[in-house]
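What you are looking at is a predicted structure, and each value in this text was computed from that prediction instead of being measured. Just so we're on the same page: letters track the sequence lines, and every chain starts at 1.
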Number of protein chains: 2
Amino acid sequence: MKLSEFELDVMQLLWQREPCTAAQLHEHLSQTKKVAYTTVKTIVDRLEQKGAVERAGQQGKAIIYRSCVDQSTLSDQATPGFMQRFFGGDSRSLIAHFIQQEELNEEDIAYLQSLLKDKKQAK
Amino acid sequence: MKLSEFELDVMQLLWQREPCTAAQLHEHLSQTKKVAYTTVKTIVDRLEQKGAVERAGQQGKAIIYRSCVDQSTLSDQATPGFMQRFFGGDSRSLIAHFIQQEELNEEDIAYLQSLLKDKKQAK
DNA sequence: CCTTATCTACTACATTTGTAGAAATTAAAA
DNA sequence: TTTTAATTTCTACAAATGTAGTAGATAAGG
């Protein structure tokens, strides 16, 4: 399943607070970005058409939506293309990039170290 | 600078073998994907318009191109959006995902471990 | 020098994406 | 029950994207 950037922004919100209505999604998106309610609703409709979202009931006249794909499924799909296009397919340099650029606390670091250790063991 | 997927595919090739002509790019892309020469040339033209690529001479009647943005600049720009959209902005889970999903040899693992150690030290 | 194969430049078009208004509907309020 | 305010549906449209054809230019070969 291929979703656009805006569609993913909506999915992101939905994953965090589902089930919810288009109005609620609009509410939260508005905090970051000036956007009309109908624009958000259009995106939700497209997500429904693509089968990423489904109706989970009503609340007054408003439709309650819920996701029907999960984040990990989509990130699994997107990951190879991203790695190829921005890091020439070199997973090591991608991981290195993130380790160096991103904020990580001691606990995060310890966790990632343990993952690497496991990875090594598994060989 | 915002480039499309196909544009990035061409950039990727260019970074690996620049400077080169549109015909050479087409040659390599053809190995993976059925695509007309003029399609590739159109993408190169658009990249030139966007200022991602420039002319670096001629070879017969063919134009030789060279990139004028580098991979790290573009990946730095793309990274936050990708992390947000596919991992809810959680860099730790993104890195974890890649460590677990991707193929890494012992040397890669050692390298990444040293980066984490540095990261910890720097605190 | 003329022909030709190749390359560029220009144009075209369907689809997707971001964006939102207008019209129709309906739950809720009065 | 009638009005109203919020929602859904439908429609629209510009820009970006993937895709490629056509026409014109030109280097290279004969």
Task: Sequence-distant partners of A:E48, salt bridge (charged side-chain N to carboxylate O under 4.0 Å, His left out), two or more places apart - done: A:R55
Please report, rounded to the nearest Å, how far the [atom2] atom of [N] is from the [atom1] atom of [X].
{"X": "A:I63", "N": "C:dT25", "atom1": "CD1", "atom2": "P", "value": "15 Å"}
{"X": "B:E48", "N": "C:dC10", "atom1": "CD", "atom2": "C1'", "value": "14 Å"}
{"X": "B:K2", "N": "D:dA15", "atom1": "NZ", "atom2": "P", "value": "16 Å"}
{"X": "A:L47", "N": "C:dG18", "atom1": "CG", "atom2": "P", "value": "10 Å"}
{"X": "A:K34", "N": "C:dT19", "atom1": "NZ", "atom2": "C1'", "value": "9 Å"}
{"X": "A:Q49", "N": "D:dT9", "atom1": "CD", "atom2": "P", "value": "11 Å"}
{"X": "A:I43", "N": "C:dA20", "atom1": "CD1", "atom2": "P", "value": "11 Å"}
{"X": "B:D45", "N": "D:dA20", "atom1": "CG", "atom2": "P", "value": "15 Å"}

So how far is it from [X] [atom1] to [Y] [atom2], rounded to the nearest 0.5 Å?
{"X": "A:F6", "Y": "A:T42", "atom1": "CZ", "atom2": "OG1", "value": "9.0 Å"}
{"X": "B:L94", "Y": "B:I99", "atom1": "CG", "atom2": "CD1", "value": "10.0 Å"}
{"X": "A:Q71", "Y": "A:W15", "atom1": "CD", "atom2": "CH2", "value": "5.0 Å"}

TODO: Establish, with yes or no, whether the OP1 or OP2 oxygen of C:dT19 is under 4.0 angstrom from a side-chain nitrogen or oxygen of A:K33.
DONE: yes
Task: Of B:R46 and A:F6, the one whose closest DNA chain C nucleotide lies more 5' - done: B:R46
Open item on the list: Any base atoms under 4.0 Å from A:K41, or only sugar-phosphate, or nothing? Heavy atoms, all strands.
Closed with: base
Just checking [X]: does its [atom1] atom have more than 12 heavy atoms from other residues, nucleotides or ligands closer to it than 6.0 angstrom?
{"X": "B:K117", "atom1": "NZ", "answer": "no"}
{"X": "B:Q58", "atom1": "CD", "answer": "yes"}
{"X": "B:K120", "atom1": "NZ", "answer": "no"}

TODO: Indicate whether the side chain of B:D76 and that of B:T73 have a donor and an acceptor atom separated by less than 3.5 Å.
DONE: no
Open item on the list: Students often mix this up, so state it plainly: with edges at 30° and 60°, are the rings of B:F87 and B:H97 parallel, tilted or perpendicular?
Closed with: perpendicular
TODO: For each nucleotide in nucleotides 21-30 of chain D, reading 5' to 3', give B when a protein heavy atom comes within less than 4.0 Å of its base, S when such contact involves only the sugar-phosphate, and - otherwise.
DONE: BB---BSS--
Open item on the list: Of the options D:dT17, C:dT17, C:dT19, whose atoms approach the side-chain atoms of B:E7 most closely?
Closed with: D:dT17
Open item on the list: Can you pull out the residues from residues 11-32 of chain B that lie within a 4.0 Å heavy-atom distance of DNA chain C?
Closed with: none
